[in-house]
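A short write-up of the structure that comes next.
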Amino acid sequence: MENVRVIEVKENVFASNIRNADELRARMRGEGCLLINLMSSPGSGKTTLLSATIDALKDEMGIGVIEADVDSAVDAKTIQMHGARAVQVHTGGMCHLDAGMCDQGLAELDTTGLDLVFIENVGNLICPAEFDTGAARKVMILSVPEGHDKPLKYPLIFEVSDLVLISKCDVAPYFDFDMEQLRKNVADRRRSSQILPLSAKTGEGMDAWLQWLRDEVAAWKQA
Ligand SMILES: Nc1nc2c(ncn2[C@@H]2O[C@H](COP(=O)(O)OP(=O)(O)O)[C@@H](O)[C@H]2O)c(=O)[nH]1
Ligand SMILES: [Mg+2]
């Protein structure tokens with residue numbers, strides 16, 4: 001039987017993406033602009049949180065947002081209404097953003113004068129965790145209605161995230177969400193993860209999130 005050539009496409013795709021991501025990170029460091037990859041399930045509150053964050057910080061720093069979705073431009077329009085620069089990237093059916101797509105988004109956004117750029121990644125707890133976008137920090141949102149067991153079911157996203165935001169805390173009385181169990185489940189995935197419970201609706205916990213952002217932006221500029 002003739003030998004069949006096997007091409008490890010997945011491995012090559014990952015390797016070249018990591019190279020692109022490292023280059024992009026180095027460039028953003030040179031510009032002193034912090035890129036944050038925000039990941040979560042659809043509907044956990046990414047756009048709502050970004051809108052509240054822009055309202056609170058836009059007079060202190062230049063903020064931009066890359067919105068990644070399979071279709072539509074609704075989130076980019078919402079972000080623009082809150083006074084931040086925004087571009088919508090369509091992923092061509094893909095369930096995540098990679099470093100090449102992120103680079104195109106940044107070129108379109110124009111980072112001149114920006115201190116902080118968020119990627120609102122495609123709503124999904126699996127694929128976005130696998131692909132390095134070139135962001136300096138990874139933040140994920142888990143909303144109260146999704147349940148405290150998700151770190152058990154979707155381990156990778158909890159392993160790669162620097163910060164886990166627990167959103168929609170205002171509706172906690174209606175759900176059996178066990179915060180102590182959640183803390184244990186997250187720590188089992190990544191001991192150094194920070195966890196911040198908040199509600200973009202009531203403003204509870206927002207101060208801690210905003211201070212985390214201020215500290216990270218300042219540290220990135222000094223590094
Ligand atoms: N009760 C409550 N609802 C929220 C909160 N944040 C977002 N939502 C609602 O959750 C739904 C999805 O929010 P959205 O920001 O579009 O989620 P995304 O798909 O992750 O961007 C909307 O109906 C929001 O009003 C919150 O803190 N509390
Ligand atoms: Mg959204």
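In each ligand, atom 1 is the first atom listed, and ligand 1 is the first ligand listed.
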Any heavy atom of V171 under 4.0 Å from ligand 1? The part involved is side chain
- [ ] Could you tell me whether any N, O or S atom belonging to T47 is less than 2.8 Å from the Mg ion (ligand 2)?
- [x] yes
Check your understanding: Is it true that R25 and D22 make a salt bridge, defined as a side-chain N closer than 4.0 Å to a carboxylate O?
Key -> yes
Exercise. Taking distance alone, with no angle check, do K46 and ligand 1 share an N/O pair under 3.5 Å?
Worked result: yes
### Task
Could you tell me whether the side chain of D132 reaches within less than 4.5 Å of the side chain of V160, counting heavy atoms only?
no
Sub-4.0 Å protein heavy atom near atom 12 (C) of ligand 1: yes
Discussion item. Taking N, O or S atoms only and a limit of 2.8 Å, check whether D69 reaches the Mg ion (ligand 2).
Written reply: no
query: Short question: side chain of K46, backbone of S41 - any donor-acceptor pair under 3.5 Å?
result: yes
The answer for which part of T48 has a heavy atom under 4.0 Å from ligand 1 is both
_Polar proximity ligand 1 side, G43 side, N/O cut 3.5 Å exclusive_ = yes
Closer than 2.8 Å to the Mg ion (ligand 2), do we get an N, O or S atom from E67, backbone or side chain?
-> no
Worksheet entry | Heavy atom of G123, distance to ligand 1 below 4.0 Å | no
Taking the Mg ion (ligand 2) as the apex, D75 OD2 and E120 OE2 span an angle, rounded to 10°, of 90°
Atom 5 (C) of ligand 1: closest protein heavy atom, distance to 0.1 Å, is K168 CG, 3.7 Å
* Asked: Considering all protein heavy atoms, does one lie under 4.0 Å from atom 8 (N) of ligand 1?
  -> yes
